[in-house]
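Being a predicted model, the structure only gives us computed values, none of them experimental. The chains referred to below are lettered A, B, ... by the order of the sequence lines, with proteins before strands, and numbering in each begins at 1.
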Amino acid sequence: MERCDVAVIGGGVLGCFAARELSRWELDITVLEAREDVCTGISRANTAVVYPGYDHRPGTWKAEICVAANASFDRLCEELDVSFDRCGSLMLSFGPHADAVLQKKLRQGRENGVPGLRLLSAEETYRMEPSIAPGLSSALFSPTAGTVNPWQLGIAACENAVQNGARLRLNTCVVAIDREEDGFLLKTNHGDIHTRAIVNCAGLAADRVQELLHPPSVRIIPTAGDYLVLDKNSAGRPVHILEYEPEEKAKGLTVVPTVEGSILLGPTERENGVDYATAETGLTRVRELSARLLPELDLGRIIRSFAAVRPNPQHPDGSPIHSFCVEHPEERFWSLIGIKTPGLTCARELGFHVTKQLAKELAAEQKMQFNPKRRGIRRAHGLPWEERRLLAEQQPDYGEIICLCEDVTKAEVLEAIRRGAGTVDGVKRRIGTGMGRCQGARCEQKVAALISEVLGLPESSVLKDGPGSEIVRAAHENV
Amino acid sequence: MKTCKLLIVGAGAAGISAALAAWDAGCRDILLVDRASQPGGILPQCLHDGFGLAKYGKELTGPEYVMRLMEKLNRTDIVFLPKTEVLSVSGDQSAVLSRRGVVERLYFGQMILASGCREKNIGALCIGGTRPAGIFTAGQAQERINLRHQDLGDEIVILGSGDLGMIMARRFTQEGRHVIAVLEQEAHYGGMARNYHRCIEKYSIPLHCRRTVREIHGKGRVCGVTVEALDSGEREYVTCDTLITALGLIPERELVRGLEDREWLFLAGNCSRVHDLVDSAVAEAERIGRMAGRRLSV
């Protein structure tokens, strides 16, 4: 039977960071991911913001770790070779209601130790972001806010964990947990695993995973939010993250100039977050708010809409929980349940927090040869042409363009597949193929053909993402 | 330093025609580049006939049309560089070309952009529901079926009744697939009457105007769509395994963004404006090619 010291259940951004932090210790780690790839759930669809930490009540753990996590983000992204843009944010008010909200956030932020927070006049704000609609009252400027690609961060953490000895098992779903001598027996769809400890990072299923062994303590109520993406090079693209706090009692809008150059607009907030399905009404609402806030924005440049799901934690009696739920129902069993905003910001800190205590429980020793550095896939895009020439001379595949919109070469696609992308969306998440204005219409087939070639699968077996998502069928395949 | 007098980006009907016209006008040193391995642009995947009535006085298939252009091209010294992507074009009249093993900078005297169109896709629609496999643009479906002989699905809904939508409705039907409906948001089908008669009427394919897809259903693969009748607001669930979008064409000229007003740059064919007929794109490209060619030959 397979044995390990720690089983991390769930390969989202939290599980990936838990595994990475655990891999600093002399521990045998296995990450169990139910789906075909890491970062396919909550981590795949969210606002991509690294929050400064003014949203949380002073004195709370959430406030404390958010501020600390934000401060260490540059180093983290440098270690993991992931793009991070500390572009700063502006929380925008157009009237007395929002002015009061800004005042409150400013007070909270200062008490939480958020650096550089400043209340700006309308005039100062328009100088920074001239495309904001007229009528601004004031803005809260937060220079430490930033944006990161969430799934690329998670994938990087996972690669770093594997580099440091962790194992990744995909398509592996935990169906039962039994207590055993010196640990637990995990029953999965691919055999049993004996583990000394469990870190449950199962995202939307984290409550159910804990309940395989323990009585319910936290329930996850998923809600959904809708987003729109605008193509890069769009006029009216802000430089900062904008957070629009409307006067009416309704959810506002966040505008994120992403590290890829696109503009992310959203989210709404609604019930019934199932299957990451968008709601037409939600998308309409995002369009309306976007047009209201940034009138110059050309909504004809929308290239994608998607929905996020948030894991809202509740007590079993139905009352909401506002803090992160780090459950510790027994020794060597840790659960991260209902980690929503700012979960992405705090992913490393949460992993660190659990690891610190778990290492003690397991009497583990620190790994002397831990390497915190991971190299990303070498990108051709953005390099001066002379460097691209050298690259193509050394590796001819760097001269072959697969995705025109996002300028991705064959060499990069092949490297993504080598690093574990087995689906069209897996390649997309690693290097951005199909993320642009044609949404894969021109590269999907080429990417699928490369996956088929490298992995030795017929093209009819290549999946878009999850089970049942074959793109073409076998019958008429050209052989 | 690599140079050419006339750089033509895109070797579809417009690019080849522009090159030929420039040649006839006396221009030498013409480089024609295309990302595909074969010339012809979109034509090689258009196996149906109906091309060339104005220019050749008969109805040709896409590949036949390309053959006629290639016969002429082969009698010239115009250089055709296949499998080559133009990464960027700069204001100093240079372009960076990329192909397997080679990235190079090329200086040119004049440039004709003949890069055609891209298809508007489902992403732009702000549609509700999931994002499963089984959604193709009409052009993507045409390439997969006609050139790669792939099997995309059995029960087809086509959103959009432009020429490409109607042609693909016929193509799926000819392949023995069931086209449940072609849906058109407007009150009248979008493409040419000729295509309506030949592709829709002749095959008795249901085409419903004032209807659109509001929601996509399915987890791995499309399993259905919610269709709304726009006048009554009534919605109906339609079971299908494939959704084809024929939402129209967008001239593709991202490459010359910000350079559109340069006197050395010309646009020819569908990247300049969407033409209904290849003959009309060709006529425009010939005019442009002659103009660029004359400038360069003096």
| Which value, rounded to the nearest 0.5 Å, describes the distance between A:Lys464 atom NZ and B:Ile135 atom CD1? |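 The NZ atom of A:Lys464 sits 7.5 Å away from the CD1 atom of B:Ile135.
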
*asked:* What's the separation between atom SG in A:Cys438 and atom CD in A:Glu406, rounded to the nearest 0.5 Å?
replied: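 If I round to the nearest 0.5 Å, the distance is 9.0 Å.
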
[X], part contacting chain B, at a heavy-atom distance under 4.5 Å:
X	answer
A:Leu391	neither
A:Gln395	neither
A:Asp397	both
A:Ile302	both
A:Asp226	neither
A:Ile401	side chain
A:Arg287	side chain

Using every non-hydrogen atom in the two residues, find where [X] and [Y] come nearest and quote the distance to one decimal.
X	Y	value
B:Pro44	B:Leu147	O-CD2, 3.6 Å
B:Asn146	B:Gln45	ND2-O, 2.8 Å
A:Gly422	A:Ile451	O-CG2, 3.7 Å
B:Leu87	A:Asp407	CD2-OD1, 3.8 Å

**Asked** Is it the case that A:Arg44 places NZ or CZ above or below the six-membered ring of A:Tyr276, under 6.0 angstrom from the centre and within 45 degrees of the axis?
**Response**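 Yes, cation above the ring, under 6.0 Å and within 45°.
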
Quiz item: Do the side-chain N and O atoms of A:Arg237 and A:Ser262 include a donor-acceptor pair separated by under 3.5 angstrom?
Solution: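 No, no side-chain donor-acceptor pair sits under 3.5 Å.
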
Name the option with the most non-hydrogen atom pairs under 4.5 Å to chain A; the candidates are [options].
options	value
B:Arg257, B:Glu85, B:Arg131, B:Glu252	B:Arg131
B:Gly129, B:Gly128, B:Gly134	B:Gly129
B:Arg144, B:Lys83, B:Arg99, B:Glu143	B:Arg144
B:Arg221, B:Arg118, B:Glu215	B:Arg118
B:Thr84, B:Thr130, B:Ile250, B:Val222	B:Thr130

Check: Parallel, tilted or perpendicular: which fits the ring planes of A:Tyr227 and A:Phe306, with parallel below 30° and perpendicular above 60°?
Finding: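 Ring orientation, 0 to 90° scale: parallel.
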
So which part of B:Val102 gets closer than 4.5 Å to some heavy atom of chain A, the side chain, the backbone, both or neither?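 For B:Val102, the contact with chain A is made by the backbone alone.
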
#### Entry: Contacting moiety of B:Asp241, where chain A heavy atoms sit under 4.5 Å
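Contact with chain A: side chain only.
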
Practice item. Please answer whether the main-chain N or O of A:Val472 pairs with a side-chain N or O of A:Ser460 as donor and acceptor at a distance below 3.5 Å. Key: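 Answer holds: no.
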
Quick one: do B:Glu119 and B:Thr137 satisfy side-chain hydrogen bond (donor to acceptor under 3.5 Å, both in side chains)? Show the steps, please. CA-CA 7 Å; B:Glu119 293 178 276; B:Thr137 65; 2.6 Å; yes

Option in [options] with maximal non-hydrogen atom pairs under 4.5 Å from chain B:
options	answer
A:Gln445, A:Glu393, A:Gln439	A:Gln445
A:Asp465, A:Leu463, A:Leu404, A:Leu228	A:Leu404
A:Lys410, A:Glu470, A:Glu386, A:His381	A:Glu470

